[in-house]
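Below: one structure, written as structure tokens.
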Protein chains: 2
Amino acid sequence: MAKETIAGLAKRLGISKASVSYALNGQPGVSELTRRRVLDLAEELEWYPSSSARALSRSRAGAVGMVLSADPLLIGTEPYYMGLLAGIETALAEGDMALLLRMVAKDPAQERATYERWAGERKVDGVLVFDHLHDDPRPALLERLGLPFVLHGAPDTGSPPALSGTTADHGADSATIVHHLDAGGHRRIAHVSGPQTFLHEEERIRGVRECAARHGIRVEHYEADYALESGRKAMTHLITAGSAGPPTAVVFGNDLMSMGGLLALRDLGLRCPDDVAIISWDDSLHCQLASPSVTALSRNPGMQGRVAAELLLSLLDTGEVQTRSMPGSELVVRSSTSPT
Amino acid sequence: MAKETIAGLAKRLGISKASVSYALNGQPGVSELTRRRVLDLAEELEWYPSSSARALSRSRAGAVGMVLSADPLLIGTEPYYMGLLAGIETALAEGDMALLLRMVAKDPAQERATYERWAGERKVDGVLVFDHLHDDPRPALLERLGLPFVLHGAPDTGSPPALSGTTADHGADSATIVHHLDAGGHRRIAHVSGPQTFLHEEERIRGVRECAARHGIRVEHYEADYALESGRKAMTHLITAGSAGPPTAVVFGNDLMSMGGLLALRDLGLRCPDDVAIISWDDSLHCQLASPSVTALSRNPGMQGRVAAELLLSLLDTGEVQTRSMPGSELVVRSSTSPT
DNA sequence: CGTATTACCTGAACCGGTTCAGTAGTCCCA
DNA sequence: TGGGACTACTGAACCGGTTCAGGTAATACG
């Protein structure tokens, strides 16, 4: 229990520190016999190498960082993040990396300051970046800081890729959704997206617009901010601010907004799906529990986190910059688009 | 951008490493002039001290750990954890501590191994422990490992407290709930709790039983496991396995089980609250969105996390073992207990 | 005026690992 | 028999901070 050190182990075994180190790290330069003796002793003493000493001499922190930059309110209610986190942690644990988590209010300056600090202190070996923005300043910043990173939801920039990241086929997702609505006979739909500063929203908007055009469906776009209330407001606006007739179906950018939309319908005395159908771009327990239950695109956040983390690990390990596309999302059809 | 070191700064300024270190850490032994020069240069160069070097020489990791030990499925759906995390992170950030997060399946051996590893590697300065168990082996383990910890939901062990932790007044919470049901005229209620291995569940069960007895209310207890399905099963059992008449109100140990209960009622063709009222021991968006919306005890997980983290910080800082009781929970009355 | 005190500063040791250059010893083969 | 190659091992430097035990020089005191 007294804190042993490598020097201590060496003395006990009558060999040098160097040999102990080689033995522990599976490096050549020691006989099998010596290696066994070292490993056995380490186990017997329940000894582990000091992470800080190791980090110092290897100039490697043994940890990756992740800044969750969102409204504290949203963080607490958005199940997507938890799933993502779980996936990330699982992958990192397998690669023997620790996860440093930092939550900041939606404030670019704070996120930036965190990266600068982490890079300066060499506290993390790399970071996971989420929600790629239009003209995102973060890749350039991280590049300048020399901090390796993986961009979750990166643009597909051809090969070889310019930066490491995961890509999702938003066009295919859009098509899945629009096809489903088309099959349901909808001719006037609305798309309530998150902020267009997010690159993936831009792609989704385009995807929906183009696919709808091909099917001769009129689509109205409304920009909101992922919060429950903004979904409610969007729906109210779409129904009451009568442009050329209200939509018969509304696609929401996440589950919370979908819930808001549902509430708005109830307040307006309209029925879902009979009067207005609803689709959520994100599945979660909320969609299952709502009444009516909400048709949703299941994106498997756990898997996404896992893949992103694996990319980062291999980037740190081999320096290999690569992108990986997410497995296609699956549409879970529920009552909100199935007229009775 | 070239990675500066303390030696580099010292050379530039023509002074010794020691002086630079003293200046940076606000320690005596340098003139105000020198201190300013050092700080200015550090800022100009965007220099930060290497965390691993600092950790090594101070023998302090600058991080605290937290093991989230739960079903991956539950972690992803249970909003309580996210709120807790957000609170913890906020407090830690203010104290300049990093948060190391580790998620493991509900497996005591893995949690134990994580603590042993962290202690051995001196990777964290302390840990946050959640969900105090009956005969919890963790305090003794952490004591043996010499790892300071704060127990969230510790028993109130008089003064001076034996270990650092937060306490909640489960008796008062129980009373709040039972009073509300009593006022609603309920005479036969059921309490669907989480596993009794959790100390707080034990206290809740006792609290509900005793308070109900004082009011002449009959209470039936059912042990479940926090999952949606178990709530559903519990409700089904309570209604159909007719003991002396089904309850007119059911208290669920968390929000997920409450949702399950609601689903079961729907399946059984019963109406809430007219046939059976529901109260959740945990508030969340689910309770607000459900139809009917569910009366819930709001426990403010963010605040709880914050307090726990602050306790740990002060324990690490001053070594002071203390307990702090959580601000009382508040009952948010909604439709599920308000007959129309 | 001599000495004790203080303020400021420095060289060197230290934290606990990794790693490089170098030293024996062994084996092999011409 | 001698030398090249290989294996097993070691001492010491190094990573980048912190901290301790002095050492000046200036100031205070009797």
Side-chain angles (χ1 to χ4, degrees), chain A residues 2-39 41-42 45-63 96 117-125 146, chain B residues 2-39 41-42 45-63 96 117-125 146:
Chain A
K3 40 183 177 174
E4 267 300 347
T5 70
I6 264 210
L9 298 201
K11 193 143 44 110
R12 282 173 194 256
L13 294 170
I15 59 179
S16 72
K17 277 170 62 180
S19 295
V20 176
S21 175
Y22 290 142
L24 288 168
N25 295 303
Q27 247 149 328
V30 278
S31 64
E32 267 321 303
L33 174 66
T34 308
R35 190 185 303 278
R36 265 263 62 82
R37 292 210 303 142
V38 170
L39 292 177
L41 182 60
L45 299 177
E46 292 187 15
W47 177 88
Y48 293 90
S50 147
S51 63
S52 43
R54 195 169 246 191
L56 179 59
S57 53
R58 284 191 182 164
S59 348
R60 222 155 173 291
D96 226 0
R117 189 105 191 269
W118 277 349
E121 297 183 335
R122 271 137 294 171
K123 192 153 188 107
V124 298
D125 297 317
Chain B
K3 40 183 179 174
E4 269 298 350
T5 70
I6 264 209
L9 298 200
K11 192 141 44 108
R12 282 174 195 256
L13 294 170
I15 59 179
S16 71
K17 277 171 61 180
S19 296
V20 176
S21 174
Y22 290 141
L24 289 168
N25 295 302
Q27 249 150 328
V30 278
S31 65
E32 266 321 303
L33 174 66
T34 310
R35 190 184 304 277
R36 266 264 60 82
R37 292 210 303 143
V38 170
L39 292 176
L41 182 61
L45 299 178
E46 292 186 14
W47 176 88
Y48 294 89
S50 147
S51 63
S52 44
R54 195 168 245 190
L56 179 58
S57 54
R58 285 193 181 162
S59 349
R60 219 153 175 293
D96 227 1
R117 190 105 191 267
W118 277 349
E121 296 183 336
R122 269 138 295 170
K123 193 153 188 107
V124 298
D125 297 317

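Labels below follow one simple rule: chain letters A, B, ... track the order of the sequence lines, proteins then strands, and each chain is numbered from 1.
We find the CG-CG distance between Leu41(B) and Leu13(B) to be 5.0 Å, quoted to the nearest 0.5 Å. Taken to the nearest 0.5 Å, the CD1 atom of Ile6(A) stands 8.0 Å off from the CZ atom of Arg54(A). Atoms OG and CG, from Ser21(B) and Leu9(B) in turn, are 11.0 Å apart once rounded to the nearest 0.5 Å. Between the OH atom in Tyr22(B) and the NZ atom in Lys17(B) there is a gap of 12.0 Å [rounded to 0.5 Å]. Rounded to the nearest 0.5 angstrom, Leu56(B) CG and Ser51(B) OG are separated by 11.0 Å.
Arg58(B) and Asp125(B) are not joined by a salt bridge, as no carboxylate oxygen comes within less than 4.0 angstrom of a charged side-chain nitrogen.
The backbone N or O of Gln27(B) sits less than 3.5 Å from a side-chain atom of Arg35(B), completing a donor-acceptor pair.
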Could I get a table of every N or O pair under 3.5 Å where one atom is in the protein and the other is in nucleotides 22-26 of chain C?
none

Worksheet item: What string of B, S and - do you get for nucleotides 8-17 of chain D, 5' to 3', when a contact is any protein heavy atom under 4.0 Å?
Response: SBBB---BBB

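Between its opening and closing five pairs, the helix from dC1(C)-dG30(D) to dA30(C)-dT1(D) changes axis direction by 50°, a value rounded to 10 degrees.
Within the 4.5 Å cutoff, no side-chain heavy atoms of Arg12(B) are placed close to those of Val20(B). Between Leu39(A) and Arg36(A), some side-chain heavy-atom pair lies under the 4.5 Å cut-off. Side-chain atoms of Val38(B) and Val30(B), non-hydrogen and from C-beta on, never get closer than 4.5 Å to each other.
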